[in-house]
Amino acid sequence: MSSLDQTFRLLTSIDASFLGSRTARRTFDFGRTHVVRPKGKHQATIVWLHGLGDNGSSWSQLLESLPLPNIKWICATAPTRPVALLGGFPYTAWFDVSELSENGPDDWEGLDASAAHIANLLSTEPCDVKVGIGGFSMGAAMALYSATAFALGRYGNGNPYNINLRAIVGLSGWLPGSRCLRNKIEVSHEAARRAASLPIMLGHGTCDDVVPYKHGEISAHSLNVAGFRNLTFKNYEGIGHYTIPKEMNEVCNWLTARLGLEG
């Protein structure tokens, strides 16, 4: 049995050398990771990320029921940390957030720490297995941030990003750091090439009252103008902040096509 099948807690220390800062020092204690083994030939591995206040267990049950026998799902759990948007009370969260706004501050330290944790979970997958990241709500935001790190070839702190992502799925989420993304990618031919090559599927309910639909639209537009050309954006009329069978069926069909899965 793999160690990922067991309860564990990964302590990631973020010190001055990691951040490129002389003053910052924080630690992030990630929760339990749940693994859903492929029922058929192992062709792809996807880390799936939950939303604010949730955990990996709840999504593992849904993902196990999907007709995708060739995918291994790694359902990580975020650290428990104070969240400014919720009055500073502690919740499981991939990063801190104070407001849902394109002009709001981004928690680069938290984003980088979670992106590094996710990359670490994918780093031991076999070389012939395609890897990707998906998520819901804040988990979708984290998946999209990882997509930008892949395109740029580095985290926000400058450390190299070494995972070759092949697919990104973001449901009911938003794009952190959208304001400066285009400028960062345009100055690098290699970043532009990677951005254009990465398939991304976004889905959002038009009646979402938690992460308003406009944030999904703006994120899709920001990614597109930054050079992420291989992007599919699906809207779901009358749907709130939750997923529905139609959306998950379309995720299944999209992943099967983009990853070249059997069956």
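Hydrophobic clustering places Tyr242 together with Leu63 (ILVMFWY residues linked when any side-chain heavy atoms are closer than 4.5 Å, directly or through intermediates). Clustering ILVMFWY residues whenever any of their side-chain heavy atoms sit less than 4.5 angstrom apart, transitively, puts Leu85 in the very cluster that holds Trp174. A continuous path of Ile, Leu, Val, Met, Phe, Trp and Tyr side chains, each step under 4.5 Å between heavy atoms, connects Ile239 with Leu62, placing both in one hydrophobic cluster. Met142 and Trp108 fall within a single hydrophobic cluster, where Ile, Leu, Val, Met, Phe, Trp and Tyr are joined by side-chain heavy atoms under 4.5 Å apart, directly or via other members. Placement of Phe233 and Val225 in two distinct hydrophobic clusters is found when ILVMFWY residues are connected by side-chain heavy-atom separations under 4.5 Å, directly or transitively.
No cation-pi contact links Lys246 to Trp254, judged by a cut-off of 6.0 Å to the six-membered ring centre and 45° from its axis.
Looking at residues two or more places apart in sequence or on another chain, you find a salt bridge (Lys or Arg N to Asp or Glu O under 4.0 Å) between Arg194 and Glu190. Taking Asp54 as the reference, His50, Ser58, Trp59 meet the side-chain contact (heavy atoms from CB on, under 4.5 Å) condition, with sequence neighbours excluded. Residues satisfying the side-chain contact (heavy atoms from CB on, under 4.5 Å) criterion with Cys207, sequence neighbours excluded, are absent altogether. Remark: Glu64 pairs with no residue by the salt bridge (Lys or Arg N to Asp or Glu O under 4.0 Å) rule, at least two apart or across chains. Evaluation of the side-chain hydrogen bond (donor to acceptor under 3.5 Å, both in side chains) rule for Tyr236 yields Glu250 as partners, not counting sequence neighbours. For the side-chain hydrogen bond (donor to acceptor under 3.5 Å, both in side chains) test, no residue two or more places apart in sequence or in another chain qualifies with His221.
Between Lys41 and Glu262, at least one side-chain nitrogen of the basic residue sits less than 4.0 Å from a carboxylate oxygen of the acidic one, meeting the salt-bridge criterion. Salt bridge status for Arg179 with Asp106: present, with a side-chain N to carboxylate O gap under 4.0 Å.
Using a 4.5 Å heavy-atom threshold, the side chains of Val131 and Ile163 count as touching. Side-chain atoms of Trp48 and Val36, non-hydrogen and from C-beta on, never get closer than 4.5 Å to each other.
Heavy atoms from other residues, nucleotides or ligands lying under 6.0 Å from CZ of Arg258 number more than 12.
Atom CG of Leu122 sits about 11.0 Å away from atom CG of Asn164, to the nearest 0.5 Å. To the nearest 0.5 Å, the span separating CG on Leu259 from CG on Asn70 amounts to 10.0 Å. For the atom pair CG of Leu223 and CD1 of Ile200, the computed distance is 5.0 Å after rounding to the nearest 0.5 Å. Taken to the nearest 0.5 Å, the CG atom of Leu198 stands 9.0 Å off from the CG atom of Leu231. Here Asn157 contributes atom CG and Leu111 contributes atom CG; the two are 11.0 Å apart, rounded to the nearest 0.5 Å. From Leu49, atom CG reaches atom OG of Ser137 across 11.5 Å, with rounding to the nearest 0.5 Å.
When the options Glu125, Lys72, Lys130 are evaluated for a side chain to side chain donor-acceptor pair (under 3.5 Å) with Thr45, the one that passes is Glu125.
Side-chain contact, Tyr145 with Asp112: a donor N or O sits under 3.5 Å from an acceptor N or O.
Checked against a 6.0 Å centroid threshold, the rings of Tyr213 and His241 do not count as neighbours.
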